[in-house]
Asker: 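What follows is a single structure, and I will ask about it in a moment.
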2 protein chains.
Amino acid sequence: MRIGEVARRTETTPRLLRYYEAQGLIAPGRAENGYREYDEDTVGRVRQVRELLRAGLPTRLIVRILPCLSTPRESVRFSGVTPETVALLEEEHARLSARIECLTRNREAIGAYLTALREAGPAPAERAPDREPDGAAR
Amino acid sequence: MRIGEVARRTETTPRLLRYYEAQGLIAPGRAENGYREYDEDTVGRVRQVRELLRAGLPTRLIVRILPCLSTPRESVRFSGVTPETVALLEEEHARLSARIECLTRNREAIGAYLTALREAGPAPAERAPDREPDGAAR
DNA sequence: TCGAACCGTGCCACGGATGTGAAGGTCAAG
DNA sequence: CTTGACCTTCACATCCGTGGCACGGTTCGA
């Protein structure tokens, strides 16, 4: 598969795919004519990268955790794992946990606030009930 | 309290506090001589901001959710909440959920990988079993 | 065979985010 | 007066994601 098709299927652009390659996030092969040659997996991989980026992870980090996530689980390439790699992963694992915890705490705070709002008075009799009584959330 | 003390107590710098102010994250008063005047709450607020930033939230977002989180829960200032604000909060709530979900999924993938590693062969008879048998995480 | 569409490289630049640094002036106190 | 904390403003650095342009090679169909 060539770059254009991958771009279409991942809703990105060739430009961005080359950028990701430069960042070490994907590593396509090359055809004889110099064209990049992508396999099927790339599409999923790119999607995962994008998802992680949207979640706020920097590419640096993604580069490091992706190898352990993307390749098929079956083929156990546990052989080449150095203790350093393990330490790195454990560190990232902890980092992610901290991040998740923080986000969860704050999400819950927002949730609680919203709940309180709804209970305390959806319309303080001010003059409001004029629009459609049902508030379609966006 | 002046900027230097806040900086010390939040482990930041005056520079950064001015920056946060420019971003709308804090809003100190001013003394007659032009010096910024911070109240006690600022310290906690700054800490929370930093935490959220570390968790990967952009300041834009923090600016908007912070007002609902920081001020004391008792004094219910539910009065001035427009429907727009509520919608905004709901949106952010959803966004946070998505983010958390994504991070959780990937953290678990890392966790699973690590577990598999440990089970498959902590040391392929190379020379390892020497450290404390219990792995204190981190 | 010719052109269009595609791919390649390299480079420059923008825009926003999070900061940091430095210059130059003011204020308060020893 | 000198020192240190504070003020403002301009600039710079980095990262991430993009866009653009130039310039050349490849593929494919009319």
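So that the names make sense, note that chain A is the first sequence line, chain B the second, and so on, each numbered from 1.
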Asker: Anything under 3.5 Å between a donor and an acceptor, one on a side chain of residues 1-9 of chain B, the other on a protein residue two or more places apart or in another chain? List them.
Answerer:
unit_1: B:Arg9; atom_1: NH1; unit_2: B:Glu40; atom_2: OE2; d: 3.3
unit_1: B:Arg9; atom_1: NH2; unit_2: B:Glu40; atom_2: OE2; d: 2.5

Asker: Give me each pair satisfying side-chain hydrogen bond (donor to acceptor under 3.5 Å, both in side chains) with a member in residues 53-67 of chain B, each pair once, sequence neighbours excluded.
Answerer: B:Arg64-B:Glu92
Asker: Under the side chain to side chain donor-acceptor pair (under 3.5 Å) rule, collect the residues that match up with A:Ser97, sequence neighbours excluded.
Answerer: B:Arg107
Asker: Output yes when A:Arg95 and A:Glu101 qualify as a salt bridge under the 4.0 Å nitrogen-oxygen rule, no when they do not.
Answerer: no
Asker: Taking side chain to side chain donor-acceptor pair (under 3.5 Å) as the test, write out the residues that go with B:Tyr20, two or more places apart.
Answerer: B:Arg50
Asker: Provide, to the nearest angstrom, the distance between the CD atom belonging to A:Glu21 and the P atom belonging to D:dT18.
Answerer: 17 Å
Asker: Taking atom P of D:dG19 as reference, at what distance in whole Å does atom CG of A:Leu16 sit?
Answerer: 8 Å
Asker: Under 3.5 Å, which donor-acceptor pairs link side chains of residues 26-33 of chain B to any protein atom two or more places apart or in another chain?
Answerer:
unit_1: B:Arg30; atom_1: NH1; unit_2: B:Gly34; atom_2: O; d: 2.8
unit_1: B:Asn33; atom_1: OD1; unit_2: B:Tyr35; atom_2: N; d: 2.9

Asker: Taking any atom under 4.0 angstrom from a heavy atom of chain B, which nucleotides of DNA chain C are the first and last to qualify, 5' to 3'?
Answerer: C:dA17 to C:dA28
Asker: How does each nucleotide of nucleotides 8-15 of chain D score, in 5' to 3' order, for protein heavy atoms under 4.0 Å: base (B), sugar-phosphate only (S), or none (-)?
Answerer: B-BB---S
Asker: Sequence neighbours left out, what passes side chain to side chain donor-acceptor pair (under 3.5 Å) with B:Glu21? Give chain and number order.
Answerer: B:Arg36
Asker: Nearest-Å distance, CZ (A:Arg54) to P (D:dC16)?
Answerer: 17 Å
Asker: Partners of A:Thr42 by side chain to side chain donor-acceptor pair (under 3.5 Å), sequence neighbours excluded?
Answerer: A:Asp39
Asker: If the threshold is 4.0 Å, N to carboxylate O, is there a salt bridge linking A:Glu51 and B:Arg105?
Answerer: yes
Asker: Specify the closest pair of heavy atoms between A:Leu25 and A:Leu66, including all atoms of both residues, with the distance to one decimal.
Answerer: O-CD2, 4.1 Å
Asker: Using a 4.0 Å heavy-atom cut-off, write out nucleotides 23-29 of chain D from 5' to 3' as B (base contacted by protein), S (sugar-phosphate only) or - (no contact).
Answerer: --BBS--
